[in-house]
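Inspection log for the structure reproduced underneath, given as structure tokens.
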Amino acid sequence: MSDLNFSCTQCGKCCHDLRLPLTRLEAIRWLEQGGTVEILCEAIPWVDEPAASDAPAMHKRLRSFPALSGELPIRVIVVLAASFKGACPHLLPDMRCGNYDGRPHVCRIYPAEVNPFISVIPSHKQCPAEAWASPTPFIRANQVVDAQTQLHTTLLRHGDRHDVPFKAWACAQLNIQSASLSNEGFVSHQPSRDTLLDVLRQDMPDDDATVSPTSWTVVTNQATTLDALRMVGAKSLFATVLNQESPQYLGFLADTPATEPPACKGDGGS
Ligand code: SF4
Ligand code: SF4
């Protein structure tokens with residue numbers, strides 16, 4: 001990672017049209033404040049265990065729980081995401097944060113990356129050129145310089161891993177059993193605020209700690225991916241079938257038409 005300088009100009013661009021990853025406690029707070037939280041799910045085919053020396057794979061392993069899609073072993077990553085179109089509900093007219101002391105970790109670290117294997121690339125960020133022209137050191141020797149940013153990055157990563165068993169249990173309670181293929185997009189589940197708050201506030205029963213649903217459906221908008229999933233016996237679904245508000249397919253790639261009428265090998269989730 002190259003050395004970078006940075007200083008926030010308070011332009012407010014990073015407070016619009018977002019899905020912000022939250023810890024479970026942050027998601028409860030966001031919902032209690034009247035905000036919207038989506039549950040974003042992605043599935044990674046997981047046929048073999050990676051070597052312990054494969055740090056990126058081990059990172060994914062720690063963020064996910066094991067499940068099955070038909071005959072295919074998978075691991076499921078679940079992200080609780082505050083979502084809003086346009087301005088964040090906490091953004092003030094002068095572009096200051098109206099929730100400054102209670103803002104989520106991810107707001108406190110931007111434009112640093114949560115994922116330790118992704119470098120900060122200014123052109124991928126919302127910040128204007130002036131922000132990167134600052135004399136203030138931001139990254140030196142591959143490390144974010146600011147101690148508070150380091151602290152909140154660590155807390156967010158820790159929460160992400162710590163919440164995994166609870167998320168597996170919560171998905172079962174909410175009948176969430178569909179996910180995108182990792183790196184193609186997300187399946188977004190949007191239970192009502194009251195329903196989600198009720199589940200997030202519950203204590204997970206000890207004897208459910210290792211239980212996760214074993215019948216996940218992998219959703220894709222790519223015809224070749226659908227064919228590949230079928231070949232390995234996965235429970236699969238073409239994204240256009242999710243023609244409703246929840247669950248919703250959020251693809252990174254343009255749809256490629258299914259080669260045949262999409263077979264519905266599952267319920268598509270919640
Ligand atoms: S909580 Fe504050 S910092 Fe975070 S997106 Fe909203 S206005 Fe911006
Ligand atoms: S986009 Fe960058 S410069 Fe603008 S408010 Fe957000 S962090 Fe600051």
Side-chain angles (χ1 to χ4, degrees), residues 1-40 78-140 142-160 162-163 167 186 188-194 196-197 200-201 248 250 252:
M1 206 184 315
S2 313
D3 286 356
L4 287 171
N5 292 351
F6 175 79
S7 192
C8 177
T9 65
Q10 296 200 335
C11 69
K13 285 185 185 164
C14 63
C15 302
H16 289 78
D17 299 306
L18 287 178
R19 289 184 170 87
L20 300 172
L22 304 173
T23 65
R24 174 187 170 196
L25 292 179
E26 288 177 334
I28 292 171
R29 200 175 312 134
W30 194 270
L31 288 163
E32 287 174 342
Q33 292 170 329
T36 299
V37 173
E38 299 178 21
I39 301 174
L40 307 179
V78 173
V79 173
L80 299 168
S83 72
F84 43 86
K85 293 193 171 97
C88 171
H90 295 293
L91 190 64
L92 300 174
D94 63 1
M95 297 297 134
R96 286 182 302 119
C97 176
N99 184 32
Y100 193 75
D101 291 337
R103 69 199 192 286
H105 296 305
V106 71
C107 298
R108 297 169 193 255
I109 71 170
Y110 194 86
E113 293 287 352
V114 182
N115 186 325
F117 300 101
I118 296 180
S119 299
V120 178
I121 299 175
S123 61
H124 293 181
K125 299 293 177 180
Q126 313 253 27
C127 312
E130 310 91 88
W132 304 102
S134 159
T136 307
F138 180 56
I139 290 176
R140 292 290 183 273
N142 294 323
Q143 291 282 343
V144 171
V145 173
D146 179 63
Q148 283 298 310
T149 303
Q150 287 178 10
L151 172 66
H152 287 284
T153 304
T154 300
L155 290 171
L156 182 51
R157 288 176 187 164
H158 175 77
D160 188 38
H162 177 268
D163 292 344
K167 287 175 179 173
F186 298 105
S188 167
H189 299 266
Q190 298 157 32
S192 73
R193 177 178 295 116
D194 287 348
L196 184 53
L197 255 181
L200 292 178
R201 283 172 173 157
Q248 191 180 23
L250 308 172
F252 301 154

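In what follows, residues are counted from 1 in the order of the sequence shown. As the structure lists them, so they are numbered: ligands from 1, and atoms in each ligand from 1.
- Looking only at atom types and distance, the side chain of Ser188 has a donor-acceptor partner in the side chain of Glu38 under 3.5 Å away.
- Partners of Arg201 by salt bridge (charged side-chain N to carboxylate O under 4.0 Å, His left out), not counting sequence neighbours, listed by chain and number: Glu32.
- Protein contacts to atom 6 (Fe) of ligand 1 involving N, O or S atoms at a distance below 2.8 Å are Cys88 SG.
- How far OG of Ser83 is from CD of Gln190: 6.5 Å, rounded to the nearest 0.5 Å.
- Looking from atom 5 (S) of ligand 2 to the surrounding protein, the closest heavy atom is Gly12 N, 3.3 Å.
- Surrounding NE2 of His162 are at most 12 heavy atoms belonging to other residues, nucleotides or ligands under 6.0 Å away.
- Between the side chain of His124 and the main chain of Val120, no donor-acceptor pair closer than 3.5 Å is present.
- Checked by atom type and distance alone, the side chain of Asn5 pairs as donor or acceptor with a backbone atom of Ser134 at under 3.5 Å.
- Applying the salt bridge (charged side-chain N to carboxylate O under 4.0 Å, His left out) test to every pair with at least one member in residues 98-126, sequence neighbours left out, gives these pairs: Glu113-Lys125.
- In terms of modelled atom types and a separation under 3.5 Å, the side chain of Asp163 and the main chain of Thr23 share no donor-acceptor contact.
- Aromatic ring orientation, Trp30 versus His90: perpendicular (interplanar angle above 60°, classes split at 30° and 60°).
- Closer than 2.8 Å to atom 2 (Fe) of ligand 2 sit the protein N, O or S atoms Cys127 SG.
- Classification of the Phe138-Trp132 ring pair by plane angle, with boundaries at 30° and 60°, yields perpendicular.
- Only backbone heavy atoms of Gln10 (N, CA, C or O) come within less than 4.0 Å of ligand 2; its side chain stays farther off.
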